[in-house]
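Order of listing sets the numbers, starting from 1, for every ligand and every atom in it. Every value quoted in this text rests on a predicted model; they were computed, and no experiment measured them. Counting from 1, the numbers follow the sequence of the chain as shown.
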Amino acid sequence: AAKLQGRNTWQWYQGKGTEDTSEQVLMRHDLHAALRDNQFELYYQPVVEAVNGRIRSVEALVRWHHPTQGLVSPGDFIPIAEQTGQIIPLGRWVLRQACQRLAELRAKGERVCPVAVNISSLQFRRDGFLDEVQAILDETGLPPELLELEMTESILLGGAEQAIEMIDTLRGMHITVAIDDFGTGFSSLSYLRDLPIHKIKLDRAFIRDILTNHRNAAIVQGIITMAHHMDLVVVAEGIETRAQQEDLVRRGCDLLQGFLFARPMPLEALLTLPDTLPAVTVPP
Ligand code: C2E
Ligand code: MG
Ligand code: MG
Ligand code: MG
């Protein structure tokens with residue numbers, strides 16, 4: 001029926017992409033109960049200094065302990081939560097939980113590093129987002145220097161002017177802002193000039209075949225060089241081999257994140273890690 005609206009309409013594409021499988025219908029219903037019943041847990045993955053493996057921050061990555069499906073990955077439920085609007089309460093829970101846990105550790109005298117939280121563009125663009133961030137910092141007592149927010153280029157879709165202003169405000173609050181999955185978006189590079197961010201995270205797609213695809217490697221090198229000229233810190237995601245690490249060190253990449261150093265893990269496991277992570281070969 002959607003086809004009748006014309007082949008090239010937005011509805012046609014949207015309709016095609018969002019046809020519900022019964023699994024998605026179930027999940028939509030379950031998400032509601034999940035928030036109520038506390039079925040979410042934050043895992044944490046270290047981000048290390050490229051040259052020496054020293055842990056510099058951790059990224060919070062949400063997991064869902066589904067009553068019948070077991071551990072569900074965010075790739076399977078974040079898009080649904082975005083469709084239903086449940087990303088708003090879920091995103092708020094993630095932010096509060098990450099801040100609370102870190103503030104508690106700090107209060108206990110543990111040595112802590114900043115935590116990075118992924119923010120959906122829907123969450124970012126919703127009225128009151130900045131107030132919500134401030135309220136969570138106030139409530140948990142976490143110093144803003146210990147919070148990083150990761151957002152994708154899609155925050156610009158709702159109006160670049162407003163996104164720039166909001167990031168400026170976050171910067172003024174001493175919160176670090178990173179652009180996630182950098183290079184996979186639709187935007188022109190010129191937006192980088194105006195966005196007052198601190199960091200870019202190179203998407204795993206660029207890293208995967210960096211050793212074999214010289215055009216890919218050229219893009220990565222170009223991004224690193226450009227970012228450094230703008231005083232931005234560069235993180236590469238999805239590092240799985242020592243050869244990738246060495247290549248990125250040679251190209252001047254600042255920070256690395258990937259299974260080579262550590263997988264995302266529960267907080268208890270994170271607390272047992274040494275300050276510096278040795279590179280370990282990933283079993284295939
Ligand atoms: P992301 O923010 O780009 O996070 C990095 C993803 O890459 C994580 O997947 C991580 O487990 C995975 N990864 C890290 N190192 C490696 C590696 O060496 N090899 C491979 N193959 N994968 C690696 P995860 O945890 O499944 O999360 C997927 C995406 O879901 C995230 O991508 C992020 O966009 C989203 N997400 C996760 N947690 C949240 C959240 O709390 N809120 C929102 N809005 N989105 C979230
Ligand atoms: Mg991220
Ligand atoms: Mg990413
Ligand atoms: Mg990603």
Answer with side chain, backbone, both or neither: which part of [X] has a heavy atom less than 4.0 angstrom from an atom of ligand 1?
{"X": "L61", "answer": "both"}
{"X": "I239", "answer": "backbone"}
{"X": "Q123", "answer": "neither"}

| task | Output the atom name for the N/O/S atom of D181 with the smallest distance to the Mg ion (ligand 3). | result | OD1
| query | What is the name of the N/O/S atom in D180 that sits closest to the Mg ion (ligand 3)? | reply |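 Nearest to the Mg ion (ligand 3) within D180's N, O and S set: OD1.
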Out of [options], indicate the one that has the non-hydrogen atom closest to [atom].
{"atom": "atom 15 (N) of ligand 1", "options": "E240, E82, Q45", "answer": "Q45"}
{"atom": "atom 7 (O) of ligand 1", "options": "E237, Q257, R204, E150", "answer": "R204"}
{"atom": "atom 18 (O) of ligand 1", "options": "F182, F259, F77", "answer": "F259"}
{"atom": "atom 36 (N) of ligand 1", "options": "S73, P264, A116, P74", "answer": "P74"}

| request: Please lay out, stage by stage, how L42 and R63 fare under the test side-chain contact (heavy atoms from CB on, under 4.5 Å). | output: CA-CA 6 Å; L42 291 187; R63 298 291 183 262; over 6 Å; no
| field | Test item: D203 side-chain N/O and A205 main-chain N/O as donor-acceptor pair under 3.5 Å | value | yes
| query | Would the number of heavy atoms belonging to other residues, nucleotides or ligands and lying under 6.0 Å from CD of E161 be above 12? | reply | no
| If you draw a 6.0 Å radius around CZ in R106, do more than 12 non-hydrogen atoms from other residues or ligands fall strictly inside? | no
| said: When you measure from the heavy atoms of R263 to every atom of ligand 1, does any distance fall below 4.0 Å? | reply: no
| Applying a strict 4.0 Å limit to heavy atoms, is G238 in contact with ligand 1? |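 G238: in contact with ligand 1 (<4.0 Å).
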If you measure only the distance, is there a donor-acceptor pair under 3.5 Å linking the side chains of [X] and [Y]?
{"X": "N52", "Y": "E49", "result": "yes"}
{"X": "D231", "Y": "H198", "result": "no"}
{"X": "E82", "Y": "S120", "result": "yes"}

| query | Does D275 pair with R111 as a salt bridge, N-O distance under 4.0 Å? | reply | yes
| request: Confirm or rule out an N/O/S atom of D203, from backbone or side chain, lying less than 2.8 Å from the Mg ion (ligand 3). | output: no
Give the atom numbers and elements of ligand 1 that come within less than 4.0 Å of a heavy atom of [X].
{"X": "V94", "result": "41 (O)"}
{"X": "D181", "result": "3 (O)"}
{"X": "V62", "result": "38 (N), 39 (C), 40 (C), 41 (O)"}

| query | Counting both backbone and side chain atoms, is some N or O of I119 under 3.5 Å from an N or O of ligand 1? | reply |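 N/O-N/O distance under 3.5 Å: no.
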| Does E150 bring an N, O or S atom to within less than 2.8 Å of the Mg ion (ligand 2)? | yes
| field | Atom nearest to the Mg ion (ligand 2) - E59, N, O or S atoms considered | value |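 When I compare the N, O and S atoms of E59, OE2 is nearest to the Mg ion (ligand 2).
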What is the minimum heavy-atom distance between [X] and [Y], and which atoms define it?
{"X": "Y191", "Y": "I179", "value": "OH-CG2, 4.0 Å"}
{"X": "R125", "Y": "S154", "value": "NH1-O, 3.3 Å"}
{"X": "V58", "Y": "P46", "value": "CG1-CA, 4.0 Å"}

